[in-house]
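These notes concern the structure reproduced below.
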Amino acid sequence: MSERGERTAGAHERPERAGRAESADPATEAFVAHRNLLFTVAYEMLGSAADAEDVLQETWLRWVNVDPATVREERAYLVRIVTRQALDRLRTMGRRRESYVGPWLPEPLLTAPDVAEDVELAESLSMAMLLVLETLGPTERAVFVLREVFDLPYEEIAGAVGRSPAAVRQLAYRARAHVAARRPRGAASPAEIRAALRAFQRAVETGDLQNLLDILAPDVVALSDGGGVRKALLRPVVGADRVARLLAAGWWRRGARRSVEAVQVNGAPGLLVRLDGEIDGVVAVRVENGLVTGAYHVRNPEKLSRVERETALSR
């Protein structure tokens with residue numbers, strides 16, 4: 001059975017079903033009320049929606065066995081559980097990545113317009129930022145996400161990661177400096193990102209190199225993730241000329257009926273590619289000072305289930 005197949009079965013009813021019951025119990029009501037937040041925390045820590053869902057199931061199974069008398073604030077308690085479960089999962093994922101075929105990219109999410117309106121949340125969810133977060137250690141990543149994205153107090157974060165508040169402050173300081181040195185420079189507007197993606201689309205559909213060269217940074221990097229299942233780049237391609245020719249030649253197989261649709265991916269404009277009517281991949285870009293510095297193409301079919309419908313996110 002694949003790890004994205006059947007989920008862990010528990011003795012308790014799943015909260016999605018319980019939440020639709022006519023008279024849900026208080027534990028279920030609290031979990032359902034905070035579910036979107038908990039999923040967002042887990043996803044930002046893991047970069048994988050499938051693993052985030054597993055973490056939520058594990059969180060639910062622990063939550064329903066908690067004595068309500070010991071819970072002072074439900075949101076904080078649930079965030080603590082989900083953070084601990086995500087940290088455990090993150091450490092095991094590191095070992096899985098060692099045998100991954102080709103570059104690993106985060107699992108893309110189709111998101112609603114309201115995510116893009118929350119600028120800080122949208123930036124934290126972007127492919128570019130999630131790849132930066134991959135360069136942090138597990139605990140540093142948890143501290144950064146909880147502090148910088150969700151603005152949790154240091155004392156609350158300390159309880160979630162099992163460190164003292166003073167240690168958490170130091171971890172947060174180091175993580176901020178690490179991310180600041182690697183995050184995109186010159187914030188791109190949605191209009192700039194859409195312009196870049198239109199150039200991508202024209203190049204793919206017409207082979208027009210010049211429009212693409214005009215918007216690529218000289219040191220642009222292209223990554224694609226096929227997971228060893230679909231054809232993809234086995235290593236990064238660097239440089240405007242090489243990336244432009246790669247895109248114009250097509251990341252996609254020839255002879256198929258191809259359609260490209262503009263969508264919201266991880267809080268920013270992206271492209272959803274279909275071949276013969278079937279979803280084949282997602283394209284996202286990193287734009288700095290009006291130029292594309294990163295191009296990300298996800299083709300691994302196990303990572304495309306979340307681009308068929310919008311995923312609810314919150315903080």
Side-chain angles (χ1 to χ4, degrees), residues 101-106 108 110 116 123 126-132 182-301 303-304 307:
V101 178
W104 180 94
L105 289 173
L110 195 67
E123 183 194 14
S126 70
M127 285 279 183
M129 180 57 76
L130 289 173
L131 286 173
V132 171
R182 294 162 177 80
R183 76 193 315 160
R185 302 267 193 270
S189 68
E192 288 177 317
I193 298 174
R194 281 193 291 270
L197 287 167
R198 280 196 296 270
F200 270 64
Q201 187 169 348
R202 282 194 298 270
V204 169
E205 293 176 342
T206 69
D208 183 354
L209 279 176
Q210 190 55 53
N211 281 335
L212 193 53
L213 284 167
D214 288 344
I215 205 166
L216 293 178
D219 57 351
V220 61
V221 178
L223 299 170
S224 66
D225 178 347
V229 180
R230 285 182 175 166
K231 186 177 180 180
L233 303 173
L234 291 179
R235 59 187 61 85
V237 174
V238 182
D241 186 66
R242 293 182 67 197
V243 171
R245 293 184 184 282
L246 172 72
L247 291 170
W251 264 335
W252 304 281
R253 68 181 188 271
R254 299 183 182 279
R257 289 177 297 173
R258 178 177 54 232
S259 66
V260 183
E261 176 188 356
V263 293
Q264 286 286 314
V265 177
N266 287 54
L271 296 176
L272 180 62
V273 181
R274 287 185 172 87
L275 292 178
D276 295 327
E278 299 294 327
I279 292 176
D280 183 74
V282 169
V283 175
V285 293
R286 169 173 172 161
V287 178
E288 301 178 63
N289 300 316
L291 296 176
V292 175
T293 58
Y296 314 113
H297 183 205
V298 180
R299 294 196 70 210
N300 184 346
K303 293 185 177 183
L304 297 175
V307 295

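When a residue number appears, it is its place in the shown sequence, counting from 1. Note that the structure is predicted; figures quoted are calculated from it, not measured. We use all heavy atoms of the structure for the numbers below, so side chains are in, but hydrogens, waters and symmetry mates are not.
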Grab the two heavy atoms, one from [X] and one from [Y], that are nearest each other, plus how far apart they are.
| X | Y | result |
| --- | --- | --- |
| Leu213 | Ala244 | CD2-CB, 3.7 Å |
| Leu304 | Ile279 | CD1-CG2, 4.1 Å |
| Val237 | Val243 | O-CG2, 3.6 Å |
| Ala232 | Gly226 | CB-N, 3.4 Å |
| Ala217 | Thr293 | CB-CG2, 3.7 Å |
| Pro108 | Val265 | CB-CG1, 3.9 Å |

Tabulate below the donor-acceptor pairs under 3.5 Å that side-chain atoms of residues 187-196 make, not counting sequence neighbours, or state none.
residue, atom, partner, partner atom, Å
Ser189, OG, Ala191, N, 3.4
Ser189, OG, Glu192, N, 3.1
Glu192, OE1, Ser189, N, 3.0

Should [X] and [Y] count as side-chain neighbours, where that means a heavy-atom distance under 4.5 Å?
| X | Y | value |
| --- | --- | --- |
| Leu209 | Arg245 | yes |
| Leu223 | Leu131 | yes |
| Val260 | Leu272 | no |
| Val101 | Leu234 | yes |
| Leu233 | His297 | no |

At what distance, to the nearest 0.5 angstrom, does CG of Leu246 lie from CG of Asp241?
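Leu246 CG to Asp241 CG: 11.0 Å, rounded to 0.5 Å.
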How far does CZ of Arg198 sit from CD1 of Ile215, to the nearest 0.5 angstrom?
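If I round to the nearest 0.5 Å, the distance is 8.5 Å.
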Keeping Lys303 on the side-chain end and Leu105 on the backbone end, is there a donor-acceptor pair under 3.5 Å?
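Confirmed, Lys303 side chain pairs with Leu105 backbone.
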Does any N or O in the side chain of Arg286 come within less than 3.5 Å of the main-chain N or O of Val220, such that one atom is a donor and the other an acceptor?
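Checking the backbone N and O of Val220 against the side chain of Arg286, no donor-acceptor pair under 3.5 Å is found.
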Under the side chain to side chain contact (heavy atoms under 4.5 Å, CB included) rule, collect the residues that match up with Glu123, sequence neighbours excluded.
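Listed in chain order: Met129, Arg183.
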Among residues two or more places apart or on two chains, list those pairs meeting side-chain hydrogen bond (donor to acceptor under 3.5 Å, both in side chains) that have a residue in residues 259-268.
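Checked against side-chain hydrogen bond (donor to acceptor under 3.5 Å, both in side chains) - neighbours excluded - the pairs reaching residues 259-268 are Tyr43-Asn266, Glu261-Arg274.
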Does a side-chain N-to-carboxylate-O contact under 4.0 Å join Arg299 and Asp225?
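Looking at Arg299 and Asp225, the cut-off is not met.
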Check the pair Val307 / Val263 against side-chain contact (heavy atoms from CB on, under 4.5 Å), numbers first and verdict last.
CA-CA 9 Å; Val307 295; Val263 293; over 6 Å; no
